[in-house]
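Any value given below was found using the heavy atoms of this structure, including those in side chains, with hydrogens, waters and symmetry copies removed. Numbering starts at 1 and runs along the sequence shown.
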Amino acid sequence: MTYSVAVSGASGYAGGEILRILAAHPDVEIRTVTAHSNAGQDLVQQQPHLRSLAHLTLQKTAPEVLAGHDIVFLALPHGESGRFTDALSDTPLVIDAGADHRLVARSDWDQFYGGDFHEPWEYGVPELLVSGAKQRERLVGARRIAAPGCNASTVSLSLAPGVAAGVIDTSDIVTVLAVGPSGAGKSLKTDLLASEILGSANPYAVGGAHRHIPEIRQALAGARAGDPARAAESGAAQTADAGIRISFTPIIVPMARGILATSTAPISRGATDADIRDAWEAAYGDETFVQLLPPGRFPRTADVLGANTALLGLAIDRDANRVVVVAAVDNLVKGTAGAAIQSMNLALGLPEGRALSVNGLAP
């Protein structure tokens with residue numbers, strides 16, 4: 001069976017990366033691409049690297065244009081994709097690459113985003129530990145999927161094994177991320193001009209202001225104590241972050257794409273070095289797209305560019321009594337588009353890795 005696909009926000013970075021991967025997917029046909037201000041232009045005017053899709057023209061992003069497809073990808077700014085939910089109720093599979101359907105707690109949405117709150121969808125991080133299982137089990141057959149925030153999934157995958165195994169203390173998590181500016185989207189912003197970032201490292205959203213913080217807390221709460229979405233469905237009042245405290249500092253660095261996240265947390269009382277290493281090996285030893293490197297080795301962003309791979313390096317700092325996890329991902333692939341398509345494959349019952357590669361680009 002060939003599935004018809006529409007991609008909204010196709011002129012942006014996330015939309016373009018979704019299209020790049022889908023173009024090599026044997027089970028889909030990309031029929032429709034949409035945009036806002038760029039509607040009416042040929043797709044290759046905005047995405048000149050997508051030569052195999054040169055026949056497509058950007059249409060306006062509207063419910064009637066997106067309707068009638070088997071699969072719709074929404075690669076829109078936060079607050080935009082949620083308004084299409086009702087209009088696409090007949091679409092068999094909708095995958096939102098924005099933030100509108102990620103958060104369980106309305107209070108978190110109100111604090112970090114604002115505007116209309118929308119129901120949470122299945123979270124599109126298949127390898128994430130949830131109540132002793134993997135999130136992929138909940139993606140099989142799903143009809144509505146929320147692709148992750150790139151920084152959030154990187155940190156969550158880094159720490160979830162330690163949280164689930166009880167070998168780290170979640171009350172004092174510190175993570176610092178070097179990130180490429182493509183994660184901020186394609187819209188013109190003065191602070192992201194090449195003349196502003198070349199030769200410089202620039203912190204932003206410092207002091208607990210970054211919008212991915214509640215997403216990380218929610219994911220780690222699910223790894224530790226159960227599924228926060230299920231708690232919300234049962235009417236339990238919760239914020240999905242009890243006992244999880246994280247200091248999160250992102251830094252824009254002059255590379256087009258990539259995230260290098262260094263996350264640390266105190267070692268739980270009584271946890272041995274073997275306990276700690278075993279937690280991560282048990283979580284990811286059989287995974288294709290999340291790989292733990294051998295002791296003493298740590299990843300580079302260059303190793304994952306273009307790949308749907310998260311590489312993790314683990315260190316145990318006994319002098320500081322902290323576990324250190326260094327993670328590298330391509331924010332546009334494993335951080336966004338790759339995760340979305342990996343989740344799509346699961347939802348449709350296709351091989352999970354269809355059209356996705358573990359191999360990066362070098363040099």
### Message
Please determine whether salt bridge (Lys or Arg N to Asp or Glu O under 4.0 Å) holds for the pair Asp108 and Arg217, giving the CA-CA distance in whole Å, both sets of side-chain angles, and the decisive distance to 0.1 Å.
### Response
CA-CA 10 Å; Asp108 284 340; Arg217 292 194 307 232; 3.6 Å; yes

### Task
Let me see the working for Arg224 and Thr170 under side chain to side chain donor-acceptor pair (under 3.5 Å), right down to the final yes or no.
CA-CA 10 Å; Arg224 182 186 61 193; Thr170 61; 3.2 Å; yes

### Stepwise side chain to side chain donor-acceptor pair (under 3.5 Å) check, Asp275 with Thr272
CA-CA 5 Å; Asp275 293 335; Thr272 67; 3.0 Å; yes

### Message
Before you tell me yes or no, could you show the steps for Asn308 and Gln342 under side chain to side chain donor-acceptor pair (under 3.5 Å), namely the whole-Å CA-CA distance, both residues' side-chain angles and the distance that decides it to 0.1 Å?
### Response
CA-CA 9 Å; Asn308 191 53; Gln342 186 180 348; 3.0 Å; yes

### Task
Given side-chain contact (heavy atoms from CB on, under 4.5 Å), test His25 with Leu350 step by step and report yes or no.
CA-CA 11 Å; His25 199 298; Leu350 300 172; 3.8 Å; yes

### Query
Given the rule in the side-chain contact (heavy atoms from CB on, under 4.5 Å) test, do Arg269 and Asp169 qualify, once you have shown the distances and angles that lead to the verdict?
CA-CA 9 Å; Arg269 185 182 299 274; Asp169 178 357; over 6 Å; no

### Task
Report the C-alpha distance between Thr85 and His101 in whole Å, list the side-chain angles of each, state the deciding distance to 0.1 Å, and finish with yes or no for side chain to side chain donor-acceptor pair (under 3.5 Å).
CA-CA 10 Å; Thr85 301; His101 297 280; 3.1 Å; yes

### Message
Is there a side-chain contact (heavy atoms from CB on, under 4.5 Å) between Leu260 and Val326? Walk through the geometry before answering.
### Response
CA-CA 7 Å; Leu260 189 73; Val326 181; 3.8 Å; yes

#### Entry: ring pair (Phe, Tyr, Trp, His ring centres under 6.0 Å) evaluation trace for Tyr204 with His210
CA-CA 8 Å; Tyr204 69 101; His210 198 283; 5.7 Å; yes

### Task
For the pair Trp121 and Ile145, evaluate side-chain contact (heavy atoms from CB on, under 4.5 Å) and give the outcome as yes or no after the intermediate values.
CA-CA 5 Å; Trp121 290 355; Ile145 296 171; 5.5 Å; no

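The closest donor-acceptor contact from the side chain of Ser263 to the backbone of Val176 lies at 3.5 Å or more, if one exists at all. Using a distance-only test at 3.5 Å, with no hydrogens or angles considered, a donor-acceptor pair links the side chain of Ser153 to the main chain of Cys150. In this structure, Asp70 contributes its side chain and Tyr3 its backbone to no donor-acceptor pair below 3.5 Å. Asn331 places a side-chain N or O within 3.5 Å of a backbone atom of Gly258 that can act as its donor or acceptor partner. Side-chain atoms of Trp280 come within 3.5 Å of backbone N or O of Ser158 as a donor-acceptor pair. A donor-acceptor pair under 3.5 Å is formed between the side chain of Lys189 and the backbone N or O of Ala184. When atom types are taken as modelled, the side chain of Asn321 and the backbone of Arg318 share no donor-acceptor pair closer than 3.5 angstrom. Side chain of Asp330 to main chain of Gly306: a donor-acceptor pair is present (N/O by atom type, distance under 3.5 Å, no hydrogens or angles). The closest donor-acceptor contact from the side chain of Asn345 to the backbone of Arg354 lies under 3.5 Å. Ser268 contributes a side-chain N or O that, together with a main-chain N or O of Gly166, makes up a donor-acceptor pair within less than 3.5 Å.
Residues Ala256 and Ser182 share a closest heavy-atom pair of O-OG, 2.7 Å. The minimum heavy-atom distance linking Val167 with Ala279 is given by the pair CG2-CB, 4.3 Å. In terms of heavy atoms, Arg51 sits closest to Val44 at NH1-CB, 3.9 Å. Taking each heavy atom of Ala99 and Trp109 in turn, the nearest pair found is O-CZ3, 3.5 Å. The heavy-atom pair separating Ala164 from Leu129 by the smallest distance is CB-CD1, 3.9 Å. The shortest heavy-atom contact between Val253 and Pro181 is O-CD, 3.7 Å.
Here Asn202 contributes atom CG and Asp191 contributes atom CG; the two are 8.0 Å apart, rounded to the nearest 0.5 Å. Distance CD1/Ile197 to CE/Met255: 10.0 Å, rounded to 0.5 Å. To the nearest 0.5 angstrom, Gln46 atom CD is 5.0 Å from Lys186 atom NZ. The distance from the OG1 atom of Thr154 to the CD1 atom of Ile259 is 4.0 Å, given to the nearest 0.5 Å. Remark: Thr264 OG1 to Asp317 CG distance equals 9.0 Å, nearest 0.5 Å. We find the CD1-CG distance between Ile168 and Leu159 to be 5.0 Å, quoted to the nearest 0.5 Å.
Residues Val324 and Thr262 have side chains in contact (heavy-atom distance under 4.5 Å, counting atoms from C-beta outward). Using a 4.5 Å heavy-atom threshold, the side chains of Leu53 and Ile30 count as touching. Counting heavy atoms from C-beta on, the side chains of Leu93 and Val72 never come closer than 4.5 Å. Looking only at side-chain heavy atoms (C-beta outward), Tyr284 and Leu157 come within less than 4.5 Å of each other. With contacts defined as side-chain heavy-atom distances shorter than 4.5 Å, the pair Phe248/Ile173 does not qualify. At a threshold of 4.5 Å between non-hydrogen side-chain atoms, the residues Leu58 and Thr34 do not count as touching. Proximity of Ile71 to Leu348: side-chain heavy atoms (C-beta onward) are separated by under 4.5 Å at one or more points. Annotation: side chain of Ser4 is in contact with side chain of Arg31 (closest heavy-atom distance under 4.5 Å).
A salt bridge links Asp172 with Arg322: at least one charged nitrogen is closer than 4.0 Å to a carboxylate oxygen. Taking 4.0 Å as the cut-off between side-chain N and carboxylate O, Glu352 and Arg136 count as a salt-bridged pair. Salt bridge absent: Glu119 and Arg144 never bring a charged side-chain N and a carboxylate O closer than 4.0 Å. Salt-bridge formation is detected for the pair Arg20/Glu17: a Lys NZ or Arg NE/NH1/NH2 atom is positioned less than 4.0 Å from an Asp or Glu carboxylate oxygen. Taking 4.0 Å as the cut-off between side-chain N and carboxylate O, Glu122 and Arg138 do not count as a salt-bridged pair.
Linking ILVMFWY residues whenever their side-chain heavy atoms come closer than 4.5 Å, directly or via other members, places Ile341 and Val28 in the same cluster. Cluster membership check: Leu356 does not share its hydrophobic cluster with Leu311, using side-chain heavy-atom separations under 4.5 Å among Ile, Leu, Val, Met, Phe, Trp and Tyr. Follow the hydrophobic side-chain contacts under 4.5 Å out from Leu312 and you reach Leu220 in the same cluster. Linking ILVMFWY residues whenever their side-chain heavy atoms come closer than 4.5 Å, directly or via other members, leaves Val333 and Val304 in distinct clusters. In terms of hydrophobic clustering, with Ile, Leu, Val, Met, Phe, Trp and Tyr side chains grouped at heavy-atom distances under 4.5 Å, Leu74 and Leu103 are assigned to different clusters.
Inspection of the Gln218 and Tyr123 side chains reveals no N or O donor paired with an N or O acceptor under 3.5 Å. With hydrogens and angles left out, the side-chain atoms of Thr32 and His69 include a donor and acceptor closer than 3.5 Å.
More than 12 non-hydrogen atoms from other residues, nucleotides or ligands lie less than 6.0 angstrom from NE2 of His78. The number of heavy-atom neighbours closer than 6.0 Å to CZ of Arg143, taken from other residues, nucleotides and ligands shown, is above 12.
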